[in-house]
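As the structure is a prediction and not an experimental result, all values here were calculated from the model. Throughout, a chain's letter reflects where its sequence line sits, starting with A, and its residues are numbered from 1.
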Amino acid sequence: MAVAAIRTSKLSKDYGLGRGLFELDLEVSPREVFGYLGPNGAGKTTTIRCLMGLIRPTGGAAYIFGLDCRRDSVAVKRKVGYLPGDMPQFGSLRGKEVVAYLGGMRGGVDPTAVRDIAERFDLDLSRRFREYSTGNKRKLGILLAFMHRPDLLILDEPTSGLDPLNQQQFYSLLREARDAGAAAFLSSHILSEVEHICDRVGILRAGRLVNVAQLEELHHIRAHRVELEFAPGTPVPEDAIRSAAGVDNVSVEGQRVSCTVRGSFGPLFEAIRNAKVTDLVSTEPSLEEIFLSYYSEAAPGQKALPQ
Amino acid sequence: MTAVALGLRLGRWGIAGFSVLAFVSSLVQALGFYQLAGHTPEQRAAFAQSMARLASQLTLILPPPTRLDTVGGYVEWRSFGGLALVFAVWALVSASGAARGDEERGLVESVLAAGFPRFAWIASRVAGFAVASLIAALAGGLGLVAGAATAGESVGLLPILEVAAALAALGLSCYSVTLLIAQLASARIATAAAGAVLLVLFFANTLSRTFTWLSSWRQLSPFHYYELNQPLAPGGEFHERATLTLVGIAIVAAAAAAVLFESRDLGSPALTLPVRPRPVSYEPSRSPMWRIAFVRGLYERRVGLAMWAAGLAAVGAVFVSLTKTIIQPLLSIPALTHFFGGFVGGQLYTSFLGYFWLSFAQLLFAGFAIAQVARWSAEDGDGRLELMLSTPQSRSAVVVERALVLTLGALVIAAVSEVAVLVASHYQAMDVSTQKVTEASLLLVPFALVFAAAGSVLAAWNPRAAVGLLGALAFASYLLAEVGPIFKWPDWVQDLSAFKLFGMPLSSGLDRSGLAIMLAIIVVGFGASILVMERRDVGA
C-alpha cells in the first residue's frame, strides 16, 4: 500500500479563546488533488503551516510521505512545493534573482521548467519584484512552488489575485502535475474553484473538520442566489417556486422573486416554465454565506452532508 | 488632526524610545559631572580645563563646549551635542518611512482614497514629528533637571525649554530635508540618499572647525544653526534667529516636498530617468553566486555592502587627515613631542589614529550589525523567512548562514576601510604601524558580531522588537563604557560593554581577554538563537 502523501493524526494548534485547529484527522493519497475549504479564520493556513513545519502543533502529529513534518522537516521540504497565502516582499530583487535565490537554496531546479512556467503565465522575470502587480507576484509564487517538480504541492489560496485566464492556466498546470504523479493540497474559500480541480474536499469550520466529501457530494452544498423578475401584469408562480426541490429562502416583492438554489437548477426552471421571465441573475454566495445557511447554528461536526 | 494623531500613534515606540534615550543620556551625564568635577570652584575649573582638552579631540562629533565647570555647560556638550546626531538619525528613519515606507505598505493610498489632500498629508506628518521630537527633547531636559536635583542644584525652566526647542527644530529640519529627498529618489534608495545628504551636512559643519575652507559651506548645515544655541551654560544664549532658521528650513523643505508629492505618481519618484526598453525574459539568473550557501547572501547585499565599504573608507581617510591636522601643531612644541613620544611608545600617529578613527569605526560597525539584524527581522515579518524555510534548509542552517554572511560582510568592510586608512596615512606621510592597524581592523569584525549575536537571539525571540531592543542594548553598552570608569564600577561590570571589550588596540595592543569574551558571547549568542529559532512558530 502506497504511503499517504499527507496524514494527520489529532493534529491541533490551540491559540486559545477557541481559535486554532483541533484534532484534525486527514489523509491525502498520492496523485490526489485535495481541496481544503473553509471560511476566513477557519484554520486552513494554520493546517498548512503545521504541515510545512513552520509552527509547532500543540497536539497530534502530521506526516508527509511518512515523514514527521516537525522532526524530518528538511527531508519533507525536499518533496514539497509551497505557495504561501501572502507573497513575501523581495523588494528590489528581480524576478529571475528571486527564482535563482530560492532555487539555489533548494537545489535541483531545472531552468527549463522555470522558463516553461514563466512563459505560460507570461511572467517577465527581468523586472524587479517591487514593480510586479499583485497578480504577477502570485504568478511568481506559483512558479516557485512548481519549479522543482515536487511530489506534493501545498498551496494556500493559489488563485487569489489571478485573472480568469491565468486561473485557467494554473488549473491546467496543476492537472499536469497530477498526471505526472504529484499530489496537491490546496486551500480555498471559493467553492467553484475547488469543483474545477479537486478530487476530494475537506470542509473546515472553526478549526474543526466538518466533513470530507467526494466532488459530487459538493453539489449538494453548493448554492446560488437567484433573482427573478417577471413581466408586469403576469402571474408570479410563487407556489411552484416554493415547492421546487433545492429552492429555499424564497421572498417575493411584487414581480421580483429572490431565492437560494442548492444543487441543480432543473426544478426551478421547471417551476417557471410557463411564466414570462424578463430578468434572471444568479450569483454564487461566499463560502461564509453558504456555511451560515447550510450549517447555520449546528455545532461543528453534527450536521452531515445530505446523501 | 486625525492624521497627526495617526502619525503619533504609528511612531509611538519611536517617541517612547528616543524620550527614554534622551532622558537617560542627560541624567547620566549630569550624574557623571558631579562624580568627576568635584565641589569647589577650583576643582571644577581644573575639571573644565581637562575636559576642554578632550573636547578639542572630539570636534568631529561634538560641538565646542562652553562653561564645562557647570552642570548645564557639561550636559549641553556631552548629552545635547550627541543627541543632535541621534535626532537626525531618528528624523531620517521616520521621514523616509513616512514618505516611501507608508506608500509601499499601501497606507498612503488608503489615506488619499479617503479624500485626504496630499498637501495635508505631508503637513500632518511634519506636525506629528514636530510634536514627537519636542516630547523627546523635553525628556532630555528633564534628565538634566533630575540629575541636578540629586546634587541639590536646580536648572531653570526657560533654558530647558530653549534647548528642547532648538533640538526639536533640528530634528524637524532633518525630517523635512529627508521628506524632500524621498520625493525625488526612488523608494529603493530614498533612505540612503537622504542619509548621505544629512551626513554631508553634518560633516560640513563639524569639519569646518578643522578645515577653514569649509566654513562658508557650513551655512547650509542645520547642525551649524543648532550649535549656535547654548542656553544651558551660564552666560550662554538661546539663539532665536538660528532656531527660527531651523524652523524655516523645515517649512521650506516640507513645502517643497508637498509640491513634489502633488506632482508625482504614487510609488514613483518625482525625478525619473528614462528607462531603456528591455526585452521580456523568462530565464532565471544564471549567476553561480546564487547557488553557493552564504555567498548568495553577500551577493544579494552587494550594493549595500559596497556602500558601507565605500562610506567607511571615505570616513577613514577623512579621519587620517584630521589626525594629522590636529597632531601636527602639537608636534611643533618640542616639550610636547618628547611627552607624546614617551607616552605612546613612539607610535604617535598610530595611537592617535586609534583614538579618533577606531572610536568612530566601532559606532559604525555596531550600526552595520544593527542594520543586518533589522534585515533579519524584516525577513521574518514580510514572509521571506517562511519561504526560505519551505526549501530544504534547517532553521539552524538559516542562522549559521546569516552569521557567516555578516562575518564576511564585516570583514570586507574592515579590509576596505583599513586599506583606505593605510593609503591615506601614506599620502599624509604619517608613520603608522600596518600590523597594528590590520589587527585593530580585524578586531572590528568580532566587535560587530557581538551585537549581531545579541540581535540574532532577539530576532529569533521577538522579531518585531529586535531592532529597538538591540538599539537600546548598543546604547547601554556605549554608556557603560563611558560612565563605568567615571563611577569606578568593577571590571566585570564594565566588561559587559562591547566597547570596553574592544579596548584600545592601536595604543595598548590587543586585549586578548576582551577578544576571548567577545568570541564567547558570539558563540553563545548564535547558539542560543538557534535553540530559540528551532522552538518558535514562524509566520504565525
Side-chain angles (χ1 to χ4, degrees), chain A residues 13 15 45-46 49 52-56 73-107 109 111 114-119 121-128 130-131 141 143-145 147-148 154, chain B residues 100-101 103-106 186-189 267-268 275 277-297 299-304 375 378-398 401 534-540:
Chain A
K13 178 70 181 178
Y15 288 117
T45 301
T46 300
R49 286 185 171 149
M52 290 302 297
L54 295 169
I55 58 176
R56 292 164 68 86
S73 69
V74 174
V76 161
K77 286 179 284 192
R78 282 201 184 94
K79 295 173 179 291
V80 174
Y82 173 57
L83 173 67
D86 295 315
M87 265 307 278
Q89 297 301 316
F90 285 97
S92 56
L93 281 189
R94 296 184 188 281
K96 61 181 181 180
E97 292 175 322
V98 176
V99 173
Y101 183 72
L102 289 161
M105 291 185 93
R106 175 172 286 289
V109 174
V114 172
R115 188 172 52 240
D116 286 350
I117 299 169
E119 271 178 0
F121 285 101
D122 192 23
L123 177 65
D124 182 0
L125 293 177
S126 68
R127 291 180 64 193
R128 292 189 190 282
R130 195 191 294 279
E131 298 166 357
L143 191 158
L144 293 171
M147 66 181 177
H148 53 291
I154 296 181
Chain B
R100 305 312 294 267
E103 209 167 291
E104 295 236 307
R105 283 191 289 275
S186 72
R188 194 159 63 102
I189 59 160
S268 300
V275 181
R278 211 180 28 235
V280 173
S281 167
Y282 302 118
E283 298 289 337
S285 170
R286 301 273 179 185
S287 170
M289 301 290 192
W290 297 109
R291 288 197 282 276
I292 307 165
F294 69 81
V295 172
R296 60 177 158 251
Y299 187 61
E300 188 201 348
R301 277 155 241 197
R302 58 195 181 277
V303 177
R375 193 184 178 91
E379 280 179 352
D380 212 313
D382 66 23
R384 279 180 72 164
L385 181 64
E386 187 178 339
L387 214 50
M388 284 156 71
L389 289 175
S390 75
T391 66
Q393 299 279 327
S394 67
R395 296 179 181 212
S396 51
V398 169
E401 186 164 340
E534 290 285 356
R535 279 160 179 72
R536 66 170 283 235
D537 290 348
V538 172

#### Entry: A:Ile55 side chain near B:Val538 side chain, heavy-atom distance below 4.5 Å
no

So, the part of B:Arg278 with a heavy atom under 4.5 Å from chain A: the answer is side chain

Taking NZ, NE, NH1 and NH2 as the nitrogens, is one of them in B:Glu283 or A:Lys96 under 4.0 Å from a carboxylate oxygen of the other? no

*asked:* Is it true that B:Tyr282 and A:Asp124 share a donor-acceptor pair across their side chains at a distance under 3.5 Å?
replied: no

Given B:Ser285, B:Ala293, B:Gly267, B:Gly383, the one with more heavy-atom pairs under 4.5 angstrom with chain A than any other is B:Ser285

When rounded to the nearest 0.5 Å, the distance separating CG of A:Asp86 from CD of B:Glu386 is 8.5 Å

Correct closest heavy-atom pair for A:Leu125 and B:Pro284 would be CD1-N, 4.2 Å

B:Asp380 meets the salt bridge (charged side-chain N to carboxylate O under 4.0 Å, His left out) criterion, sequence neighbours left out, with B:Arg536

Sorted by chain and number, sequence neighbours left out, side-chain contact (heavy atoms from CB on, under 4.5 Å) with B:Pro288 holds for B:Arg291

Shortest non-hydrogen pair, A:Pro88 vs B:Arg384, comes out as CB-N, 3.5 Å

So, the part of A:Val74 with a heavy atom under 4.5 Å from chain B: the answer is both

Minimum side-chain heavy-atom gap A:Lys77-B:Leu389 below 4.5 Å: yes

The interface call for A:Leu93 against chain B, heavy-atom contacts under 4.5 Å, is side chain

Cut-off 4.5 Å, heavy atoms of chain B, and the answer for A:Asp116 is neither

The interface call for A:Leu144 against chain B, heavy-atom contacts under 4.5 Å, is side chain

Between the OH atom in A:Tyr82 and the OG1 atom in B:Thr391, the distance rounded to the nearest 0.5 Å is 12.5 Å

Whatever's closer than 4.5 Å to a heavy atom in chain B on A:Arg128 counts as side chain

query: Looking at side-chain heavy atoms only, is the closest gap between A:Met105 and B:Trp290 below 4.5 Å?
result: no

So CE of B:Met289 and OH of A:Tyr101: to nearest 0.5 Å the spacing works out to 15.0 Å

**Prompt:** Between B:Asp537 and A:Lys13, is the closest basic N to carboxylate O distance under 4.0 Å?
**Reply:** yes

d(B:Ser186 OG, A:Arg130 CZ) to nearest 0.5 Å is 7.0 Å

Checked A:Arg78, A:His148, A:Arg56, A:Met52 vs chain B; the most non-hydrogen pairs under 4.5 Å come from A:Arg56

When the 4.5 angstrom heavy-atom criterion is applied to A:Ser92 and chain B, the contacting part is both

* Asked: Do A:Ser126 and B:Val280 have side chains that get closer than 4.5 Å, going by heavy atoms?
  -> no

I'd like to know if the side chain of A:Arg106 and the backbone of B:Ser390 have a donor-acceptor N/O pair within less than 3.5 Å.
yes

Cationic N near anionic O, under 4.0 Å, B:Arg302 to A:Glu97: yes

